[in-house]
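The structure appears right after this line, and notes come after that.
Counting starts at 1 for both ligands and their atoms, in listed order. Remember, it's a predicted structure, so these values are computed and weren't measured experimentally.
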Amino acid sequence: MRKPIIAGNWKMNNTASEGAELVKALKPLVKDAKCEVVVCVPAIDIPAVKKAIHGSKIRLGAQNVHFAEKGAYTGEISANMLKEYGVQYVIIGHSERRAYFGETDETVNKRTLAALAAGLTPIVCIGESLEEREGGLTQKVLDNQIALDFQGIEDFSKIVIAYEPIWAIGTGRTATDEQANETIGYIRKRMKKVYAGKNVGRMRIQYGGSMNAKNCKGLMAQPEIDGGLIGGASLKTADFAAIVNFDK
Ligand code: 13P
């Protein structure tokens, strides 16, 4: 069985002290969680949040990682730098990075391989835009991302995919339970074919895009959906806790 994983993506929100306050309040609310609980925080918040989650089930994640081990890459952070601080997960290829910061399938692939090499669990984001969905191109876009973003990976049980339809991010327009389930099922089937014999059956696929305390139960009840990558609702302690406790 694939263990559900609920991860918060704080994006560029919460200073270090605000982040520490948030997770301190979250700790008692998620102490009986049966799923994996992750907060992906701004890099500069990592030390404070690490301290604040001590002794809890909450795991630490980052929002990006560079592919080189070290060197002249001003502003970037390496996998080993994250690892040394106890970071266990890292989001890679979020659509905001692809849209605003020139991230490509090639750099997503390189970052994913670097994260794996350092022992981090990559949460790799894929998904289509509204134009692509309405133009009937969803499968084609996903096929392309599947072909390019995951080259060279030998054991897919070590990665998590977040299916995030771009039109559902921050818009309040969630994919329906059926839409999300169907598309995630398609991703899994396609990956099994393209990466046969590489443990794809054990890889978890999350849904992301306006997931909240209200719609989480319906989404999480779908057989293909193994978790959520939560933006806005992860900034509100009670809402994020409700999502983590979707099975209660
Ligand atoms: P929202 O939950 O705010 O729509 O963001 C989703 C997301 O982008 C998570 O990575």
Side-chain angles (χ1 to χ4, degrees), residues 4-14 18-19 22-23 26 35-43 45-46 49 58-65 82 87-101 103 108 111-112 115 120-130 132-133 138 141-142 145 149 159-177 179-181 183-184 187 204-220 222 225-246:
I5 172 168
I6 301 291
N9 174 10
W10 290 1
K11 309 192 179 182
M12 198 174 73
N13 294 290
N14 290 327
E18 288 165 350
L22 192 159
V23 291
L26 185 65
C35 62
E36 254 165 69
V37 187
V38 185
V39 287
C40 298
V41 309
D45 293 6
I46 287 170
V49 172
I58 305 167
R59 301 279 172 263
L60 194 52
Q63 297 176 10
N64 197 12
V65 62
L82 296 175
V87 171
Q88 290 179 280
Y89 301 82
V90 59
I91 297 171
I92 296 173
H94 192 281
S95 59
E96 287 149 18
R97 300 244 25 117
R98 295 179 192 251
Y100 311 142
F101 303 99
E103 208 75 66
V108 169
R111 289 176 203 263
T112 303
L120 299 170
T121 301
I123 300 176
V124 183
C125 303
I126 61 175
E128 81 287 357
S129 67
L130 184 59
E132 290 161 346
R133 175 152 293 252
T138 300
V141 169
L142 292 171
Q145 290 172 334
D149 294 2
I159 80 161
V160 174
I161 288 184
Y163 166 60
E164 297 208 318
I166 297 165
W167 46 272
I169 297 176
T171 57
R173 180 177 170 186
T174 328
T176 64
D177 300 347
Q179 261 175 340
N181 189 61
T183 312
I184 289 177
I187 293 168
R204 292 171 295 176
I205 309 182
Q206 299 171 310
Y207 167 76
S210 299
M211 194 161 164
N212 59 38
K214 282 208 180 83
N215 61 26
C216 64
K217 277 190 201 301
L219 287 161
M220 290 303 296
Q222 299 296 318
I225 303 180
D226 303 322
L229 185 57
I230 323 297
S234 74
L235 302 173
K236 298 179 210 133
T237 316
D239 289 30
F240 188 60
I243 301 171
V244 166
N245 296 314
F246 68 89

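- The shell of residues lying under 4.0 angstrom from ligand 1, judged by heavy atoms, includes Ala168.
- In this model, no donor atom of one side chain and acceptor atom of the other lie less than 3.5 Å apart for Trp167 and Glu132.
- Close approach to Gly209 involves these atoms of ligand 1, each under 4.0 Å from a residue heavy atom: 4 (O), 6 (C).
- At the shortest separation from atom 2 (O) of ligand 1 among protein heavy atoms lies Gly231 N, 2.9 Å.
- Residue contacts with ligand 1 for Asn9 involve side-chain atoms from C-beta outward but no N, CA, C or O (heavy atoms, distance under 4.0 Å).
- Atom 3 (O) of ligand 1 has its closest protein heavy atom at Gly232 N, 2.8 Å.
- Remark: the Glu36 side chain and the Tyr89 side chain contain an N/O donor-acceptor pair separated by less than 3.5 Å.
- His94 and Glu103 form no side-chain donor-acceptor contact under 3.5 Å, judged by distance and modelled atom types alone.
- The two atoms that bring Ile166 and Gly127 nearest to each other are CD1-O, 4.1 Å, heavy atoms only.
- On a distance-only criterion, Ile230 and ligand 1 share no N/O pair closer than 3.5 Å.
- For atom 8 (O) of ligand 1, the nearest non-hydrogen atom from the set Gln63, Met211, His94 comes from His94.
- Residue pairs that meet the side-chain hydrogen bond (donor to acceptor under 3.5 Å, both in side chains) test with at least one member in residues 236-246, sequence neighbours left out, are Asn245-Lys248.
- Contact record, Ala242 with Ala213: CB-CB, 3.8 Å, taken as the closest heavy-atom pair.
- Across every non-hydrogen atom of Pro4 and Cys35, the tightest pair is O-CB, 3.2 Å.
- The shortest contact between atom 5 (O) of ligand 1 and any protein heavy atom is with Lys11 NZ, 3.3 Å.
- Between Thr183 and Arg133, the side chains place a donor N or O and an acceptor N or O closer than 3.5 Å (distance only, hydrogens not considered).
- Using a non-hydrogen distance threshold of 4.0 Å, Gly208 does not register as a contact of ligand 1.
- A salt bridge links Arg98 and Asp149; the closest N-O separation between the charged side-chain nitrogens and carboxylate oxygens is under 4.0 Å.
- When only interatomic distances are considered, the shortest N/O to N/O separation between Ser210 and ligand 1 falls below 3.5 Å.
- Closest protein heavy atom to atom 7 (C) of ligand 1: Glu164 OE2, 3.2 Å.
- Residue-to-ligand polar distances place Gly170 within reach of ligand 1: an N/O pair is separated by less than 3.5 Å.
- Using a 4.0 Å cut-off between heavy atoms, Ala233 makes no contact with ligand 1 at all.
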